[in-house]
There are 2 protein chains.
Amino acid sequence: MASSKRDHLVETALTLFYEQGFHATGIDTILREAGVAKMTLYNHFKSKDELIVAALDLHDARFLEWFAQRVDELADAPRDKLLVMFDVLEEWFNGDAFNGCVFINAAAEYGNCNDPVHEAAARHKRLTFDYIVDMAKQAGSVDPRGLGQQLLLLQEGAIVVAHVLDAPIAARQAKRAAQTLIDQALAG
Amino acid sequence: MASSKRDHLVETALTLFYEQGFHATGIDTILREAGVAKMTLYNHFKSKDELIVAALDLHDARFLEWFAQRVDELADAPRDKLLVMFDVLEEWFNGDAFNGCVFINAAAEYGNCNDPVHEAAARHKRLTFDYIVDMAKQAGSVDPRGLGQQLLLLQEGAIVVAHVLDAPIAARQAKRAAQTLIDQALAG
DNA sequence: AGTGAAATAAACAGATCGGTCTGTTTTTCA
DNA sequence: TGAAAAACAGACCGATCTGTTTATTTCACT
């Protein structure tokens, strides 16, 4: 079990980064919370930034998996899946731990697009986009990328509004807008 | 001219906070850049957080004024203003200094909704919403708040996508979606 | 010209930052 | 069972952090 300590460290780091932010969370805090020695961290990672990227990559895979699974549970028809996406968002917003999107937060703290942390955030959003486009394709859209772009905008907007304005209802507003856009895109 | 030093300090702080983030920008850096003594800062503000709020409030007023003015320059009819909003966004995204929305970034670093910094960010987004609702009302929408919410989602989504994915074109995609939503809302 | 407010420079405080180093203990596996 | 690998505790490093203190200088206004 060579990497169990490493995994636990990344897991703890992810939680703290999400709760408190990246710059605001010190290495020592993570180590104390994880119950791990400092040298263990620096044997697995060259720097705090590498730990951040590892934490983001972990959440990337896991979040998308959770998201797609919930969508599949709530709808069967591809067209319905495009819509229930926003119900899943609402679930997320209403969860206790909701503190915005950790990738948006990461890009906010690491604004330089060439920064590895920013790149990890961009990676996730690209995969999110791919997922939506795939659903749009299955729903029979003639321009799945175009529809996907519009729905992505609504999704990201909902996340931001829900967080900044503390308004989880943004998901439902986004769903209404999505309904209109989907109807228009799949008409005829 | 009692407050010229103070103004210059807030101005410098705003620039640096936007460029580098809030936690990542130290007091000393701001003071050096502004050419101001440390005691001058602490005579005007009780803490760094107060300086942050002052910087955000300054940008709040100024940004909304710039935004509304550009919208007025590009369109006359209220309905057109709802649309050219997204052209103005695109101008902003394509500017050299674009690094996302400083209020979204602030909320990302200060996630707690009761934090004065977060509250300042929320204040700005509420005013942005009010502005859009007002335009929707002038455009003759029967549900200006509903339309305003949807357009706000598109706007915030465009900002996030433009920043995280380094894709200023998000503004144009948002404009297309807005066109559809506006048509639907103002139909009949 | 003189007074009081405002800004200055610079040392200082105490905590924390990311990261390194050493030496010891635990775990893993052949 | 024994050697290599991994994790451990914790001291230590220099730098930086926000904020305070003190004493000096600038400057507007009467």
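Predicted model only: the values in this text are computed from it and were never measured. Every chain is numbered from 1 and lettered A, B, ... according to where its sequence line falls, protein lines coming before strand lines.
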Legend entry - Other cluster members, A/Val142 - Ile/Leu/Val/Met/Phe/Trp/Tyr, side-chain contacts below 4.5 Å: none

Legend entry - Hydrophobic cluster partners of A/Leu64 (side-chain heavy atoms under 4.5 Å): A/Leu127

What pairs with [X] under salt bridge (charged side-chain N to carboxylate O under 4.0 Å, His left out), at least two apart in sequence or on another chain?
{"X": "B/Glu65", "value": "none"}
{"X": "A/Glu19", "value": "none"}
{"X": "A/Asp87", "value": "A/Lys175"}

How close or far is atom [atom2] of [N] from atom [atom1] of [X], stated in whole angstroms?
{"X": "A/Leu51", "N": "C/dC17", "atom1": "CG", "atom2": "P", "result": "14 Å"}
{"X": "B/Asp7", "N": "C/dA6", "atom1": "CG", "atom2": "P", "result": "15 Å"}
{"X": "A/Asn43", "N": "C/dG19", "atom1": "CG", "atom2": "P", "result": "14 Å"}
{"X": "A/Ile30", "N": "C/dG18", "atom1": "CD1", "atom2": "P", "result": "8 Å"}
{"X": "A/Leu31", "N": "D/dA7", "atom1": "CG", "atom2": "P", "result": "13 Å"}
{"X": "A/His8", "N": "D/dC8", "atom1": "NE2", "atom2": "C1'", "result": "16 Å"}
{"X": "A/Phe45", "N": "C/dG18", "atom1": "CZ", "atom2": "P", "result": "15 Å"}

Inset, instruction - Look at the side-chain N and O atoms of A/His44 and state whether any lies under 4.0 Å from the OP1 or OP2 oxygen of D/dA6. - result: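 A/His44 to D/dA6 OP1/OP2: no side-chain N or O under 4.0 Å.
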
Listed pairs under 3.5 Å, donor-acceptor, residues 155-162 of chain A side chains, sequence neighbours left out:
residue, atom, partner, partner atom, Å
A/Glu156, OE1, A/Lys125, NZ, 2.9
A/Glu156, OE2, A/Lys125, NZ, 3.4

Tabulate below the donor-acceptor pairs under 3.5 Å that side-chain atoms of residues 24-34 of chain B make, not counting sequence neighbours, or state none.
residue, atom, partner, partner atom, Å
B/Thr25, OG1, B/Leu16, O, 3.4
B/Thr25, OG1, B/Gly21, O, 2.6
B/Asp28, OD1, B/Lys38, NZ, 3.2

Legend entry - Side-chain (A/Asn94) to main-chain (A/Glu90) donor-acceptor, under 3.5 angstrom: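 Looks like yes, one N/O pair under 3.5 Å.
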
Inset, instruction - Quickly, which of B/Thr128, B/Asp57, B/Asp60 forms a side-chain hydrogen bond (donor to acceptor under 3.5 Å, both in side chains) with B/Arg123? Name it, please. - result: B/Asp57

Inset, instruction - Treat primed atoms plus P, OP1 and OP2 as sugar-phosphate and everything else as base, then score nucleotides 14-27 of chain D 5' to 3': B for base contact with protein heavy atoms under 4.0 Å, S for sugar-phosphate contact only, - for none. - result: ---SBBBBB-----

Legend entry - the helix from C/dA1-D/dT30 to C/dA30-D/dT1: angle between end helix axes, five pairs per end, rounded to 10 degrees: 20°

